[in-house]
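Working notes, structure below.
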Amino acid sequence: TFTTLSISSLKHHLKTHSDEKRHVCHLCLKAFRTATLLHNHVNVHTRTRPYKRSDCDTAFVTSGELSRHRHYKHTLEKRFRCSLCKYSCVEASKMKRRTRSHTGERPSACDLCSYASKDAYKLKRHMVTHSGEKPYECYVCHAKFTQSGTVKIRMLQKHGENVPKYQCPHCSIFIAQKSDLRIHLRNLHSHMAVAIKCSYCEAVFHERSAFIQHKKTHRNEKRFKCDQCSYACMQEQRLIVHKQTHTGEKPFTSLCCNKSFQREQLLSLHFRKHHDSNIKPTAYECSKCGKGYSLW
DNA sequence: CTTCATGTCGCCCTCTGCTGGTTTGCG
DNA sequence: ACGCAAACCAGCAGAGGGCGACATGAAG
């Protein structure tokens, strides 16, 4: 529904409905409706870029390209605004793409799996997961990768100097990747609704990192304490043996002379001192469980 | 007819962030 | 020596910027 007040304008408009393309490119035989379109096309072949900007060293084949460049890089004018969010952009096609992320529409479907993307490029990128192709190579160590971004990060972290690291604001540790710092924060510094209780004392913690720090304070502590005297030690087994001094229990008995000992080592010493060194390995047994012991 | 602004489709790029397997260091 | 947790690392997808090429429409 084209309307105009001028006859010549109508005539011009009618030509746009015509399939007639009289202007043929002598380099590739492609045909165009107008001489200007052909002219622009030939400029592509000849790499002639008449539309220039003096201040940023860029040049384009058409005025449209220059105009758009101006919006992107100089005026920063974003005429298209999303009605659903605060996103704005220079081009209508970008707005269309943005709208798809609101609607969830995924028109580009993979014919090898269930994946579908919002735009053609993502589908193309996805297809390398089926081909197994790794088109990006590290020029230092020649390791290959599926995406350009991955090789860039690899280059920086393996071969770069002054590699950026991400520091945790809570414990000052440096972590190589931002997303790993996020995981670190989540696992170690986030508040837990259910507190962890220290198994050595009464302390409780809502943050894992604080709990780990606290545990270290128990590391060299003599936390196994005798309830009958002031004796304390770091190992539970030692406390059990110690307690025998209070009970008078002597579980290790020599079968040779019937003499009993509190500890295996004492029985062992007794054997070496008083009995034949050729004695058989199961020469004594525990009075509690009946287990036989070999000492040498 | 030409020029210019604007529109449209498509391509490629980078940045970003999540995921899950692997390696490493510590208790 | 072993097991576990944390960091490392590559794969992969989401989102958005910028431009190539060409079409359309208004105005001179």
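Keep in mind that the numbers below use all heavy atoms, side chains included, and drop hydrogens, waters and symmetry copies. All chains are named by letter (A, B, ...) in the order of the sequence lines, taking the proteins before the strands, and each is independently numbered beginning at 1.
- Within a 6.0 Å sphere centred on NE2 of A:H26, heavy atoms belonging to other residues, nucleotides or ligands number 12 at most.
- A close approach under 4.0 Å does not occur between any side-chain nitrogen or oxygen of A:R97 and OP1 or OP2 of C:dA15.
- Within the 4.0 Å cut-off from OP1 or OP2 of C:dG14, at least one side-chain nitrogen or oxygen of A:R106 is found.
- A sub-4.0 Å separation between OP1 or OP2 of C:dG11 and a side-chain N or O of A:K134 is present.
- A donor N or O paired with an acceptor N or O is found under 3.5 Å between the base of C:dA13 and the side-chain atoms of A:R125.
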Item to complete: Go through the steps for A:H214 and A:C201 under the test side chain to side chain contact (heavy atoms under 4.5 Å, CB included), then give the verdict.
Response: CA-CA 10 Å; A:H214 170 79; A:C201 69; 3.2 Å; yes
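- In this structure, A:R79 reaches the B:dG7 phosphate: one of its side-chain N or O atoms is under 4.0 Å from OP1 or OP2.
- Distances shown here put every side-chain N or O of A:K152 at or beyond 4.0 Å from the OP1 or OP2 atom of B:dC13.
- With 3.5 Å as the limit, one finds a donor-acceptor pair spanning the side chains of A:E65 and A:T62.
- Pairing each heavy atom of A:R125 with each of A:V128, the nearest pair is O-CG2, 3.2 Å.
- In this model, the phosphate group of C:dA5 is not approached by any side-chain N or O of A:R208 to a distance below 4.0 Å at OP1 or OP2.
- Distances shorter than 4.0 Å separate some side-chain N or O of A:K78 from OP1 or OP2 on C:dG17.
- An OP1 or OP2 oxygen of C:dG14 is reached within less than 4.0 angstrom by no side-chain nitrogen or oxygen of A:S117.
- In this structure, A:K178 does not reach the B:dT16 phosphate: none of its side-chain N or O atoms is under 4.0 Å from OP1 or OP2.
- Within the 4.0 Å cut-off from OP1 or OP2 of B:dT16, not a single side-chain nitrogen or oxygen of A:Y166 is found.
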